[in-house]
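By convention in this document, chain letters (A, B, ...) are assigned in the order of the sequence lines, proteins followed by strands, and residues within each chain are numbered from 1.
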Amino acid sequence: MFDHFVVPKLMPAAPEIFLATMALLILFIDLVVKDSRRSLTYLATQGTLLALLVWRGAPYLAAIAGNNPEALSEVSEIVYTFSNMFVLDLMADLLKLFLYATVMVVLFYSRNYLLDRETLNKGEYYVLTLFATLGMMVMISANHFVTIYIGLELLSLSLYAMVAMNRDSVVSTEAAMKYFVLGALASGFLLYGMSMIYGATGTLEITGVSERLMGGNVNKGVLIFGLVFLVAGLAFKLGVVPFHMWIPDVYHGAPTSVTLLIGSAPKLAAFAIVMRLLVNGLITLAVDWQQMLIVLSVLSMAIGNLAAIAQTNLKRMLAYSAISHMGFMLLGITTGVLSVPGGMLDARPALNAYSSAMFYVIAYVLMTAGTFGMILMMARAGFEADELDDFKGLNQRSPWFAGIMLMLMFSMAGVPFFVGFFAKFSVLEAVVASGQYWLAIVAVLFSLIGAFYYLRVVKLMYFDAPTNPAPLEAGMDMRILISANGLAVALFGIFPQTIMSLCAYALLRSL
Amino acid sequence: MSNHLLSLAIWIPILAGLIVLATGGDRNAPLARILALLGAVAGFVVTLPLWAGFDIAKAGMQFEELSTWIPRFNINYHLGVDGISMLFVVLNAFITIIVVAAGWEVIEKKVAQYNAAFLIMSGLMNGIFTSLDGVLFYVFFEASLIPLYLIIGVWGGPNRVYAAFKFFLYTLFGSLLFLIALLYLFIESGGSFSILQWHQTPLTLTAQIWLFLAFLVAFAVKVPMWPVHTWLPDAHVEAPTGGSIVLAAIALKLGAYGFLRFSLPIAPDASQELSTLVVALSLIAVVYIGFVALVQADMKKLVAYSSIAHMGFVTLGFFMFSAMGIEGALVQMISHGFVSGAMFFCIGVMYDRVHSRQIADYGGVVNTMPKFAALFMLFSMANAGLPATSGFVGEFMVILGAVKYNFWVAFAAASSMIMGAAYTLWMYKRVIFGDVANEHVAELSDINMREFAILGVLAACTLWMGLYPQPFTEVMHASVNELLRHVAASKIPM
């Protein structure tokens with residue numbers, strides 16, 4: 001009976017296997033080190049991520065340096081493994097690369113914040129971060145409903161625990177509870193949708209679903225029913241209206257370092273599963289899910305931007321801003337195939353649209369990391385620096401970091417010369433190319449409303465006098481990384497070509 | 001070297017701004033001022049060869065630079081000037097020196113940031129005037145909002161926050177619709193952001209009308225035209241003197257320039273079709289805003305409204321489609337740069353001493369500040385359009401153009417010269433003449449060397465342009481004629 005047992009190709013999943021091994025190893029190491037030696041856990045975690053980054057990133061560096069996409073040929077094949085449950089393509093590889101970098105930066109920013117807070121600075125924090133990362137990697141590479149679900153749950157369960165880690169805090173516990181209950185509900189939606197689609201097509205494999213749908217002869221009613229639940233589940237995970245309720249509470253209630261993690265890297269993974277499920281799997285139903293996504297997107301931009309205006313807490317404000325940004329990103333995915341009459345998939349406009357959304361997500365993660373990094377840098381033991389008023393008069397306390405925050409805020413608002421502008425630009429280009437001018441107009445009008453609250457942060461920093469005139473204290477390492485992050489927002493705003501074309505190339509080789 | 005003059009005109013001020021920023025806190029204020037002045041002068045010097053080496057017989061772009069920027073969207077770093085834009089680059093660089101000098105002793109807080117903001121803005125605005133790529137233009141157009149937002153908000157008056165937000169959001173609103181228009185053109189032209197190529201792209205009348213309206217919103221807010229002008233008086237009143245000078249002298253010209261670079265050549269048929277609309281709005285600005293200016297109690301507000309009226313002349317001149325009208329409008333724009341800049345500086349001079357801009361707080365200033373009163377007189381006259389000053393040339397040309405276009409339009413436009421004289425000279429009379437109004441006025445000291453130098457240079461420019469406008473007009477001819485020829489030809493595909 002073992003005749004048919006074939007050892008699956010392990011190489012495509014080598015980063016995941018390496019990370020899982022290291023996570024378990026670090027869990028064990030942490031068990032035996034004393035509290036005073038906890039830095040070891042931190043360094044081992046960062047080392048693991050760095051190793052992955054260097055290992056997987058080298059070909060990209062060669063490709064960029066030589067301006068030669070051929071250098072990526074080794075990784076640009078689409079490889080399926082584990083009985084087609086797992087896929088490695090260029091999109092997955094690139095997204096994971098950004099994922100490693102993001103998580104590294106997140107941990108780096110969180111370092112001092114955690115050192116100041118004994119309850120958080122436990123080995124579990126780092127191990128859970130690694131497991132969350134693993135979960136996201138699995139999501140990104142999933143080619144099977146069950147794989148997606150496993151990755152998603154690994155990510156979510158790690159994050160629930162991390163939100164609740166500050167267990168004496170009522171706000172944190174409440175946030176964790178809400179996150180857990182709503183997250184479980186969303187997973188239920190997703191599973192229900194998957195089971196419906198399984199019922200209609202008879203397969204759980206994403207590429208298989210796509211083939212069955214192309215073949216026709218599928219019960220459309222059941223399929224659409226499943227699709228609705230699927231989209232609702234995805235919307236929960238992306239945090240778009242009307243499934244956004246958990247976002248502000250969780251962002252606000254979680255320790256800022258965890259908020260940073262929730263707000264950044266999972267967006268990359270969420271983008272990936274949207275692409276996997278809707279584009280790889282259900283492209284034949286594009287007309288149906290596009291309608292749903294348009295509604296979600298417009299509502300998100302509306303509610304996100306309007307509600308953000310009313311916030312006094314910066315983390316809450318950024319939560320609503322995240323909702324609106326995800327709405328904007330969805331626009332890119334939405335416009336993927338509408339432009340083509342007859343409903344057939346044409347690669348070029350679709351590619352533009354998806355790569356614009358991918359670029360948007362990456363740009364957004366870069367900006368978000370910097371913004372929460374600023375909050376973390378200003379936080380002290382016993383002081384969170386997460387109220388808007390804590391940024392009052394920052395220009396007098398530290399003109400340099402006020403300048404960095406200014407760049408981040410204008411970038412979020414989509415003003416050039418910052419990366420946020422080209423993110424919005426490329427998505428709008430896709431929308432206009434698809435002929436949906438009204439959608440583009442709605443999008444820019446809500447961006448205009450959005451600009452108001454970003455401007456308000458700039459106003460607090462520059463126009464108002466500080467409540468606490470003490471100069472900023474922060475370690476040199478933190479200063480350098482935040483500065484680098486802020487300058488990257490400007491640099492990629494002036495030279496966005498590299499990342500843009502990487503995204504386009506990755507999707508070209510993956511779709 | 002000469003191939004990169006335009007790049008230098010853009011990046012020298014920006015680089016200088018960053019260097020000034022690096023001087024840090026107010027301990028190094030004197031150094032920051034000197035570096036800023038050097039940067040501004042250097043920025044001005046590199047623009048002079050543009051004028052000197054300009055070939056007046058050529059209608060097309062000169063000093064062109066082209067290199068790829070973002071191949072993913074076929075976006076290029078494409079610069080060039082023609083007879084329409086060249087003078088604005090020079091004017092902008094010149095005004096930057098004035099602004100740095102105007103804030104010399106007056107600005108005492110955050111000196112480095114103040115000067116850096118103006119230098120960076122100057123570079124960005126040169127970018128707007130010289131961009132021949134739609135996205136490059138847009139990037140400069142929108143980025144230039146940031147420094148002005150900070151200038152108004154940080155160094156402005158008591159209601160500065162409101163004014164800064166209003167300024168930013170109003171102009172952002174216009175430019176976002178403009179962005180959609182650019183993207184539409186990108187698709188329609190088969191994947192190009194080249195403005196010159198867009199000039200040739202055939203478009204249906206419906207498409208042209210939508211594009212024209214999108215452009216109109218963007219540029220009308222910036223000009224500003226009635227009824228979207230309300231941000232300007234707020235911004236002017238709250239901005240520091242330097243901010244007002246740049247706003248009036250350069251920033252308002254961006255919108256008008258946009259009409260000539262985008263609206264007319266890209267949507268010529270829609271421009272003809274909708275010219276009545278623009279002419280009507282312009283006349284309302286000229287006449288109605290003239291009346292509004294008459295009743296202002298705040299000097300800065302009065303000059304702000306007068307700016308709106310003068311810019312009404314400019315848009316009026318554009319949409320009569322005659323060489324006389326367009327050249328007159330261009331002359332008016334440059335003249336307004338000198339005159340309104342000087343007017344705001346004069347008000348700043350008084351404000352620095354008395355800390356009031358209310359007309360009622362003054363009276364009899366001539367008794368204590370005779371030199372100032374004489375120069376202020378000249379600029380008031382120029383603002384009212386007195387012959388032999390630059391203010392006259394442009395208005396006269398526009399009115400001449402208008403007579404050919406429609407007698408009643410010309411009549412309404414000409415009546416505004418009376419209005420201009422009324423509100424400007426009445427203000428002048430109340431502020432300068434009469435008995436010494438109060439002890440503040442009695443304690444006034446006359447202008448110092450710095451202030452005299454600034455006003456003297458501006459006065460010289462005003463008179464030069466009024467008496468001998470040919471160096472200014474001769475560079476425009478070829479480009480304006482080419483533009484008119486282009487606008488007359490329909491772009492609607494057969």
Contacting moiety of B:Trp155, where chain A heavy atoms sit under 4.5 Å: neither
Under 4.5 Å from any heavy atom of chain A, what part of B:Tyr149 do you find: side chain, backbone, both or neither? both
Any side-chain donor paired with an acceptor under 3.5 Å for B:Ser189 and B:Gln197? no
Among B:Ser7, B:Ser131, B:Ser67, whose side chain to side chain donor-acceptor pair (under 3.5 Å) with B:Tyr77 holds? B:Ser7
Side chain, backbone, both or neither of B:Leu182 within contact of chain A (heavy atoms, under 4.5 Å): neither
Sort out for me which of A:Phe422, A:Phe425, A:Phe495 touches chain B most, counting heavy-atom pairs under 4.5 Å. A:Phe425
Considering only heavy atoms, which portion of B:Glu188 lies under 4.5 Å from any heavy atom of chain A: side chain, backbone, both, or neither? neither
Can you confirm whether or not the ring centre of B:Phe168 sits under 6.0 Å from the ring centre of A:Phe410? yes
Show the numbers, then the answer: is there a side chain to side chain contact (heavy atoms under 4.5 Å, CB included) between B:Leu185 and B:Leu203? CA-CA 9 Å; B:Leu185 279 165; B:Leu203 293 164; 4.1 Å; yes
In terms of heavy-atom proximity below 4.5 Å to chain B, should A:Leu406 be classed as side chain, backbone, both, or neither? side chain
Given 3.5 Å as the limit, does a donor-acceptor pair link the side chain of A:Gln497 with the main chain of B:Arg72, or not? yes
Which one of B:Leu150, B:Ile146, B:Leu172, B:Val161 has the most heavy-atom pairs closer than 4.5 Å to chain A? B:Ile146
Part of B:Leu145 within contact of chain A (heavy atom distance under 4.5 Å): neither
Relative to chain A, which segment of B:Leu176 carries a heavy atom at a distance below 4.5 Å: side chain, backbone, both, or neither? both
Any donor-acceptor pair under 3.5 Å linking the side-chain atoms of B:Trp231 with those of B:Thr171? no
Quick check: are there more than 12 heavy atoms from other residues, nucleotides or ligands sitting under 6.0 Å from OH of B:Tyr162? no
At a heavy-atom separation under 4.5 Å, does A:Tyr462 approach chain B through its side chain, its backbone, both, or neither? both
Using heavy-atom distances under 4.5 Å, tell me whether A:Ser426 contacts chain B through its side chain, its backbone, both, or neither. both
Please classify the contact between B:Phe186 and chain A as side chain, backbone, both or neither, with a heavy-atom cut-off of under 4.5 Å. side chain
So, the part of A:Phe452 with a heavy atom under 4.5 Å from chain B: the answer is both
I'd like to know if the side chain of A:Gln311 reaches the main chain of A:Ala307, judged simply by a donor and an acceptor atom lying under 3.5 Å from each other, with no hydrogens or angles considered. yes
For B:Trp11, is the CH2 atom crowded, meaning more than 12 foreign heavy atoms sit under 6.0 Å from it? yes
Most chain A-contacting option - heavy-atom pairs closer than 4.5 Å, from B:Phe140, B:Phe141, B:Phe73: B:Phe73
Proximity breakdown for B:Phe173 and chain A, heavy-atom pairs closer than 4.5 Å: both
Donor-acceptor under 3.5 Å (B:Asn76 side chain, B:Leu66 main chain): no
